[in-house]
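We count ligands from 1, going down the list as the structure has it; atoms in each ligand are counted the same way.
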Amino acid sequence: MSQVLSSSYLIDLANEFGTPLYVYHAEKIKEQYEKLQTAFQNCNARFFFACKALSNINVLKYVQSIGASLDCVSIYEVKLGLKAGFTPERILYTPNSVDFAEIEEAKNAGVHINIDNISMLEKFGTRYGNSYPICIRFNPHIMGGGNYKISTGHIDSKFGISIHQLRHIERIIQSTNLLVRGIHMHTGSDIKDVNVFLQGLEVLFDLAKHFPQLDFIDLGSGFKVPYQDGDTETDVTLLGERVAEAFHAFEQETGKRIEVWFEPGKYLVSECGYFIVRANVIKQTTATVFVGVNSGFNHLIRPMFYESYHRIANLSNLHGSERIYTVVGNICETDTFAWDRKLTEVREGDYLVFYNAGAYGFEMSSNYNSRLKPAEVLVKDGQALLIRKREVFEDLLKNQIEVL
Ligand SMILES: *Cc1c(COP(=O)(O)O)cnc(C)c1O
């Protein structure tokens with residue numbers, strides 16, 4: 001049975017902790033993790049939670065406890081992961097545009113390193129030779145992903161080393177003795193079409209022949225979750241079957257049984273999250289009816305940044321008659337969460353909830369307009385635990401130095 005928090009429970013949490021409020025449901029994360037494990041049971045699969053989606057230390061500890069590994073894009077995420085109890089062997093560091101010192105810091109921490117740039121590869125090989133295995137991030141030149149901002153595998157993307165630079169990579173390996181244990185791609189986010197993954201896999205298997213010491217192929221992520229009613233998610237069961245077939249075929253051909261790695265972010269933590277706000281004002285204009293809420297894109301930027309869709313419900317009036325609203329925030333810019341959205345009648349003071357708010361929600365929040373960041377609550381074993389305090393005015397001044 002799918003794990004959901006009821007509307008009345010969400011109202012209780014809003015009353016207890018105030019709004020705006022992020023709520024995460026631990027058991028839903030576990031449910032998603034188990035779905036992946038089941039789907040890929042015939043593969044030698046490992047899942048690295050892409051913690052840039054949601055990095056509260058308690059969420060990391062929980063993900064650690066259910067057995068997943070961790071994908072990190074900065075050295076600070078690596079440090080958070082270590083603090084949360086992940087052993088270095090369960091951490092993969094996949095940076096881009098970082099300086100060599102940061103890569104060396106990751107090496108000193110003993111985590112898996114994914115290198116996405118020829119010059120870094122050459123530097124790493126020159127300095128460390130075969131003493132520290134690495135993974136190479138390739139750009140497979142495949143267009144995938146929900147929209148341009150989250151597509152990372154196409155020809156104009158800054159990510160990865162082009163597959164057409166293979167010869168150059170081989171030269172570096174030959175002259176430095178670099179030990180390549182893994183090859184990686186990540187083509188973007190919100191990829192519904194299983195074929196995008198399979199195309200990528202085909203490209204990686206072609207490359208695999210050039211790396212005799214390979215232990216794993218990392219297919220990154222991009223698993224889509226349903227945001228709208230009637231939306232579907234990536235068919236992980238089908239993908240699991242196809243990936244298993246492909247790896248078995250590779251094993252038959254080469255005699256090597258290698259692992260397949262994935263880096264799910266959204267898939268693990270999107271649906272576990274609820275963002276609760278309060279309607280401050282209802283404003284009738286000549287063109288529409290606005291609901292102005294006590295939040296904005298400073299707290300949930302996805303609709304403004306990616307034009308993403310989040311389901312919204314009026315928790316305080318679940319059975320009211322439906323009307324059409326434009327739901328906006330309080331930031332002094334166009335700050336629209338949803339246009340022409342059918343909601344049960346909204347009154348000032350009502351609580352609204354945004355669903356699918358676990359991934360890239362709090363994580364991308366800011367203090368724009370000198371507004372305070374919301375609190376975060378983790379619901380686990382039926383208990384609501386405050387895992388981040390709501391900010392207070394003093395937090396805005398915390399690192400400022402008053403010199404005048
Ligand atoms: C962001 C990111 C992910 C996670 O993507 P989702 O769409 O949230 O699953 C995985 N791997 C890398 C390298 C990323 O940058």
When the ring planes of Phe47 and Tyr33 are compared, do they come out parallel, tilted or perpendicular, using 30° and 60° as the limits? perpendicular
Classify the ring geometry of Phe205 against Phe250: parallel below 30°, tilted from 30° to 60°, perpendicular beyond 60°. parallel
Expected contact list for ligand 1 at under 4.0 angstrom, heavy-atom basis, is Ala50, Lys52, Asp71, Thr94, Arg137, His186, Ser189, Ser221, Gly222, Glu263, Pro264, Gly265, Lys266, Tyr360
Results of side-chain contact (heavy atoms from CB on, under 4.5 Å) for Val98 - residues two or more places apart only: Tyr93, Pro95, Glu102, Ile103
Would you check if there is a donor-acceptor pair between the side chains of His210 and Glu170 at a distance under 3.5 Å? yes
Below 6.0 angstrom between ring centroids: does that apply to Phe297 and Phe305? no
Do the ring centers of Tyr306 and Tyr360 come within less than 6.0 Å of each other? no
